[in-house]
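Read through the structure below, which is laid out as structure tokens, and then see the notes.
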Amino acid sequence: MGRLFGTDGVRGVAGRDLTATLALELSIAAARVLAAGIEGRRPKAVVGRDPRASGEFLEAAVVAGLASTGVDVVRVGVLPTPAVAFLTGVLDADFGVMLSASHNPAPDNGIKFFARGGHKLEDALEDEIEGLLDVPSTPAVGTAVGRVTDADDGAERYIEHVLASAPHSLAGLKVVVDCAHGASSLVAPEVLRRAGAEVIAIGDEPDGHNINDGCGSTHLEVLQETVRLHGADAGIANDGDADRCLAVDAGGNVVDGDHILAILASEAKEEGRLAGDTLVVTVMSNLGLKLAMEREGIAVVETAVGDRYVLEEMRRGGFSLGGEQSGHVILLDHATTGDGVLTGLHLLAAMAHRKQGLAELAKVMTRLPQVLINVPDVDKARAADSEELWEAVREAEKELGGTGRVLIRPSGTEPKVRVMVEAPEQAQATAVAERLAGVVRSALG
């Protein structure tokens, strides 16, 4: 059995992989680690969730586990992941818990923890939590048990916080926002309206089962159509827990995380807000982004895949902007994690400030042809040791020379291996990626 924690917490099909029992045991173990050493008072934890139906029973299990160990619990209800991280900090909680499977389909769910201040846990802490799952603990009794309260003002506090970060008004912009029937359904449209934009909201009617279903950042077709239909200036798409943001321009063309990062980095550098004139990205970012940043006089630092690793590097180096091609963008001056609502606000503010359309702003970088193939139902744990696979990778890299690159990465949250190839021409990138995907299937299937 592999490591329980993936790149973004513990995920699985709710009720099968992620059971109420596991949620209870994880919360007890987390409390033992994250509340260790606290004396003279009960520890406090913030718990939030996205609107998945399974979040209701999983939240109950987590709250029960925490309170049974003597942790006071503040439930903040359905809110974006970055809102839970923010509230963990402002409510002076010792740690936070978010129940969400982000962009995954509705049957899935997940549990992720935040340390004091709203920061994602380091691997060592997750390993410590996992190591305590089978270790018996002594429950709190009597007056030592934790109390459970609800924070009804969590959404408003988060909205006000995001709005306070806006560098420019959005007055004059017409915007479509797709909330993925997820956690941002209330807050994202409200933030953009209060910032001055005319807002058309879609995917804003969650019923517990329609999250990410043909909408949001993983399904941009409806957003593209709606932007064109209403003659909007841009469209913003969140995923289920709103920790990521993708966009489309007035013509319905996709503006991915790399383009968003390029726009925000250029804007921040021009205004003197880009710490160290440096952008932090992962190895999955397009080579075109690095070339564009070189032209802008902006250094690029690369990390492993996962916004947690981007954040660790940002904190280590004192940098203010980083993120992933997938749309996880971290504006560290205002958030401790990827925040799709915040990112959308700042992207639109750049449009308003420069008085340019999103298509024009996106020209700051030229994307090299990139092909990403997800190979499902393979033994991803064997990828690192497969000589057959890595010999094929070496041959592909030799073929591409210095004009492209290959990246093979087991998914941190799903049973699949990702094959990414960049090349000067689309046909070459596709051919090499398909060939390597075939090797992954044969070697790891």
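Because only heavy atoms are used, hydrogens play no part in the values below, and waters and symmetry mates are left out as well, while side chains stay in.
Shown here for V248 and V254, the closest heavy-atom pair between the two residues is CG1-CA, 4.2 Å. Heavy atoms only, all atoms of each residue included: L66 and A45 are closest at CD1-CB, 4.0 Å. Minimum heavy-atom separation, H181 to D204: ND1-N, 3.6 Å. Across N238 and A188, no two heavy atoms sit closer than the pair OD1-CB, 3.8 Å. Scanning all heavy atoms of the two residues, the minimum distance from P189 to L186 falls at CD-O, 3.7 Å. Across all non-hydrogen atoms, the minimal contact from A396 to V432 is CB-CG1, 3.7 Å.
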Fill in: Worked verdict on V281 versus L289 for side-chain contact (heavy atoms from CB on, under 4.5 Å)
CA-CA 9 Å; V281 300; L289 175 59; 3.8 Å; yes
Item to complete: Please assess L389 against V417 for the test side-chain contact (heavy atoms from CB on, under 4.5 Å), listing each intermediate value before the final yes or no.
Response: CA-CA 12 Å; L389 174 58; V417 171; 5.6 Å; no
Worksheet item: Can you check side-chain contact (heavy atoms from CB on, under 4.5 Å) on F113 and L125, steps first, answer last?
Response: CA-CA 10 Å; F113 297 95; L125 281 176; over 6 Å; no
Worksheet item: Under the side-chain contact (heavy atoms from CB on, under 4.5 Å) criterion, do S411 and N374 qualify, and how do the steps go?
Response: CA-CA 9 Å; S411 170; N374 292 315; over 6 Å; no
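Between F86 and H161, the two ring planes are parallel [angle under 30°; tilted spans 30° to 60°].
Distance check: D127 CG to E130 CD gives 6.5 Å after rounding to the nearest 0.5 Å. To the nearest 0.5 Å, atom CG of residue L331 and atom CZ of residue R273 are 8.5 Å apart. The CD atom of E59 sits 12.0 Å away from atom OG of S27, with the distance rounded to the nearest 0.5 Å. Here CZ of R75 is found 10.5 Å from CG of D152. Values are rounded to the nearest 0.5 Å. For the atom pair I298 CD1 and M293 CE, the distance stands at 4.5 Å (nearest 0.5 Å). Atom CG of L279 and atom OG of S320 lie 9.0 Å apart (nearest 0.5 Å).
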For residues 136-148, please give each side-chain donor-acceptor pair under 3.5 Å, one per line with the distance, not counting sequence neighbours.
none

Quiz: residues 436-445 side-chain donor-acceptor pairs under 3.5 angstrom, not counting sequence neighbours:
unit_1	atom_1	unit_2	atom_2	d
S442	OG	E388	OE2	3.2
S442	OG	G438	O	3.3
S442	OG	V439	O	3.0

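In this structure, the side chain of S165 engages the main chain of V162 through a donor-acceptor pair within 3.5 Å. At least one donor-acceptor pair under 3.5 Å links the side chain of D178 to the backbone N or O of A180. A donor-acceptor pair is defined here as one N or O able to donate and one able to accept, closer than 3.5 Å; no such pair exists between the side chain of T81 and the backbone of D243. A donor-acceptor pair is defined here as one N or O able to donate and one able to accept, closer than 3.5 Å; such a pair exists between the side chain of R3 and the backbone of F5. Listed for the S386 side chain is no donor-acceptor partner under 3.5 Å among the backbone atoms of R382.
By the neighbour-count criterion of 12 heavy atoms within 6.0 Å, atom CD of E205 is sparsely surrounded, having that number or fewer from other residues, nucleotides or ligands.
Between D8 and K112 a salt bridge is recorded (basic side-chain N to carboxylate O distance below 4.0 Å). Ion pairing of E391 with R394 is present here, as a side-chain N (NZ or NE/NH1/NH2) and a carboxylate O approach within less than 4.0 Å. The pair R308-E126 meets the salt-bridge criterion, with a side-chain N (NZ, NE, NH1 or NH2) lying under 4.0 Å from an Asp/Glu carboxylate O.
Under the side-chain hydrogen bond (donor to acceptor under 3.5 Å, both in side chains) criterion, E225 pairs with no residue at all, not counting sequence neighbours. The side-chain contact (heavy atoms from CB on, under 4.5 Å) test applied to D153 returns A151, R157, not counting sequence neighbours. Residues passing the side-chain contact (heavy atoms from CB on, under 4.5 Å) test with S217 are A237, D239, R244, L246, sequence neighbours excluded. Remark: A101 engages R11, R52, N104, D108 in a side-chain contact (heavy atoms from CB on, under 4.5 Å) (not counting sequence neighbours). The side-chain contact (heavy atoms from CB on, under 4.5 Å) search around T337 returns P82, A85, K120, D307, not counting sequence neighbours.
E422 and N286 share a donor-acceptor pair across their side chains, judged by distance under 3.5 Å alone.
Every pair tested for salt bridge (Lys or Arg N to Asp or Glu O under 4.0 Å) that includes a residue from residues 328-344 fails, sequence neighbours excluded, so the list is empty. For residues 316-344, the ring-ring contact (aromatic ring centres under 6.0 Å, His included) pairs, not counting sequence neighbours, are H334-H346. Sorted by first and then second residue, the salt bridge (Lys or Arg N to Asp or Glu O under 4.0 Å) pairs involving residues 12-33 (not counting sequence neighbours) form an empty list. Among pairs with a residue in residues 88-103, those fulfilling salt bridge (Lys or Arg N to Asp or Glu O under 4.0 Å) read R41-D94, D92-R116, D94-R116, at least two apart in sequence or across chains. Counting only residues at least two apart or on different chains, the salt bridge (Lys or Arg N to Asp or Glu O under 4.0 Å) pairs with a member in residues 312-329 are E313-R316.
For the side-chain contact (heavy atoms from CB on, under 4.5 Å) with V97, the qualifying choice from V63, V73, V62 is V62, the only one to do so. N109 pairs in a side chain to side chain donor-acceptor pair (under 3.5 Å) with only one of the listed residues (S100, S102, S54), which is S54.
Between Y158 and V76 the shortest side-chain heavy-atom distance does not fall below 4.5 Å. Counting heavy atoms from C-beta outward, M420 and Q325 have side chains that stay 4.5 Å or more apart.
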